[in-house]
Amino acid sequence: MSGTFGNPEVIQEEVDILLIGGGMACCGAAYEIMRWADAAKAESGIDLKIKLVDKAAMDRSGAVAQGLSAINTYIGDTQDPADYARMVSNDLMGITRDDLAYDLGRVVDESVHLFEEWGLPIWKLDENGERHDGSVDMPKLKDGGKPVRSGKWQIMINGESYKWIVAEAAKKALGMDRIQERIFIVKLVNDKNDPKRIAGAVGFSTRDHKVIVYKFKACLLAAGGCVNLFRPRSVGEGQGRAWYPVWNSGSTYSMAAEAGAELTMMENRFVPARFKDGYGPVGAWFLLFKAQAVNANGEVYMVRNKEMLNDYPPYGQAAVPASCLRNHLMLHEMKEGRGPIYMDTVSALAKLRETLSPREVKHLEAEAWEDFLDMCIGQCGVWVGENIEPEKKNSELMPTEPYLLGSHSGCCGIWVSGPEDVGAPTSEDHADAGKIPAHLPSGWNWGYRSMTTVKGLFTAGDGVGASGHKFSSGSHAEGRMCAKSMVKYCIDNKDWKPELDTSADELVAQIYQPVRNFLEHKDYSTAIDVNPNYITPKMLQFRLQKIMDEYVAGVATYYTTNDKMLAVAEEKLGMLKEDAMKMRAKDLHELLRAWENYHRILTAEAHMKHIQFREESRYPGFYYRMDKNFVDEENWKCFVNSVYDKTTHKWTVFKRKHVDIVDKSK
Ligand code: FAD
């Protein structure tokens, strides 16, 4: 029987492994998992049941939806994964897990080789050092082809269809009968007999009136990062425009937290400096066209303010200073009144004209447009609408509102088990850990690579904290690693039967609460959006964004906060969380918006709690605690981790020791 809006059909489904998300990480897992599952079947006769669900359509879901113009992590034959781990660490102000970065560095290229095999055009250099875009037939990377690098770790692609290509391979490998699109997962469910274990999840269809209750042994939660928890710079007619994808709404962090997983470095955020209003990428301009960012007087602020980098050794003194510190220098110019900040496209192209033929220059200008067309079409709209020809007029740059993510240039996320073979700290090394809650592992490896501190719950991409700079290829590779680990976990636990700690009826009632709020009270007032008994998801989102913007170091305060402001935010977020139970859903679209907001609130709370706990400003340029406006290497060069208790709604925040595994003096 099919359901209705007020009375959805309830489907109960049991699988062995559920993949949540259809982005880069889950596509990696989907591609890889069947070969491990098939091998397990051949060996033990166990036929694992696997399913992937995505809130959207995989072809264009997640952060790569619009396409990309570069793959930002490709190590290549001549570089060392240890060097990659060093770069990740420096860019993230010294507090990352070398075991995770190094491990990824040694496998990420395989994902890139697969992309190329599946048809992704990758730019190449010929034997004369001439560049060719992906339309020219050249040897493949794995056969010795030389990529065009826009930076030490980045390679250029014709990437408008990047996600299509990766999703197609994932779908083909997994099979469409194992994939369900337009399913939004709202919460994970713990095991009835073991609260530290995962046993299921519940979600709903965004197209039909259906709620699905899943039971499983293991699950990959890779639902991306969190956007729109801060008031965006683009409001009013520009609303919906953001740099990271608006549909990644903190589901990864909030659902993991509610399931009891340990989070790490949730104080970290990414505030990219991008082309103003369109959020267009700057990487190709800086790296490929060698353009410089200047203040309103045409001064290169990275040179003018160079001395400021010495306040943050060693991170400011590296060949490429940490991303947040580059913002720090830009913000200084803006606060001193020397804005707007510009990307000096005019000088960069003029300089290139000195050495290149007119034909080559024309080609380069086309590449500049293509860089936007590949991954951020909106920026072309700004250029066209504002008569910007980059060879004649410079474009404004602006630091954006903050985003939370673990795969790009940020490192918030979930604490996961690392590889066994890279000398990561063991439980014995951390025997004196003391403040770490007793039920959590103290070493960095507890059995299955990429498993969180909740048994059976795995994560990848934006979900994995304390690493970062994995980008599209790294997220895919992490998903592949999870596939292998999850199959092993299921085989090792073949006799275990999941039992949900909450009944299906209760789960359905919880999910449809916003619908009930609407149906019960809609006739109380004549204007559907004005009602004392409920709040619309849109209005609740405004409230969240205002709190975060004004008290938790958003753009309104030039990314500054202090302990008093955080205390105000804490109180207001607490009330908002309570009021979230009063959100209404007048249709399935609003039901989606309601639960996205709930996920954002929990993520925002974690962010606020971690900033409050870390009594220093570890990421100047991303946020400043003005009451502790310094980097304190002695006391705070450590991980800040937390666990959430879903019954008491309380966070426990604590320090974990940081250890360098890779030698950072090199
Ligand atoms: P995503 O790929 O974002 O996937 C998340 C998935 O989860 C989506 O399918 C989404 O629909 C789904 N989902 C979310 N919530 C739920 C839920 N509750 N239930 C079910 N499904 C859900 N990388 C590069 O290599 N080079 C670049 O140049 C580059 N530039 C970038 C520029 C921008 C503007 C952005 C946004 C990203 C860029 N990246 C780049 C980074 C790269 O896109 C990410 O690192 C990568 O996509 C992260 O993978 P993921 O699987 O963790 O998340």
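This structure is a prediction, so every number in the text was calculated from the model and none was measured. Remember, it's 1-based here, ligands and their atoms both numbered in the order they're listed.
- Using a 4.0 Å cut-off between heavy atoms, W595 makes no contact with ligand 1 at all.
- Not a single N or O atom of H599, backbone or side chain, sits closer than 3.5 Å to an N or O atom of ligand 1.
- Side-chain contact between V108 and W153 is absent, with no heavy-atom pair separated by less than 4.5 Å.
- Note: H476 and F115 meet the aromatic proximity criterion, with ring centroids under 6.0 Å apart.
- Ligand 1 places these atoms under 4.0 Å from at least one heavy atom of Y244: 35 (C), 36 (C), 37 (C), 44 (C), 45 (O).
- Contacts classified as side-chain hydrogen bond (donor to acceptor under 3.5 Å, both in side chains) and involving residues 166-175 (residues at least two apart or in different chains) are given here: D59-K171.
- For the pair T73 and ligand 1, the shortest N or O to N or O distance does not fall below 3.5 Å.
- Between W243 and F270, the ring centre distance stays below 6.0 Å.
- Considering backbone and side-chain atoms alike, G463 places every N or O at 3.5 Å or more from each N or O of ligand 1.
- Of the charged side-chain nitrogens involved, none lies within less than 4.0 Å of a carboxylate oxygen, so that K142 and E117 do not count as a salt-bridged pair.
- Under a 4.0 Å heavy-atom criterion, I183 is in contact with ligand 1.
- Each of the following atoms of ligand 1 lies closer than 4.0 Å to a heavy atom of D54: 8 (C), 9 (O), 10 (C), 11 (O), 12 (C), 21 (N).
- In summary, the atoms of ligand 1 found under 4.0 Å from a heavy atom of A222, numbered by their order in the structure, are 5 (C), 6 (C), 7 (O).
- In terms of protein heavy-atom proximity, atom 40 (C) of ligand 1 is closest to L68 CD1, 3.5 Å.
- For K646, the side-chain hydrogen bond (donor to acceptor under 3.5 Å, both in side chains) partners are N190, D501, not counting sequence neighbours.
- Using bins of under 30°, 30° to 60° and over 60° for the plane-to-plane angle, the ring pair Y598/W595 lands in the perpendicular bin.
- The atoms of ligand 1 that sit less than 4.0 Å from any heavy atom of N72 are 24 (C), 25 (O), 26 (N), 27 (C), 28 (O), 29 (C).
- Inclusion of F184 in the set of residues having an N or O under 3.5 Å from an N or O of ligand 1 is not warranted.
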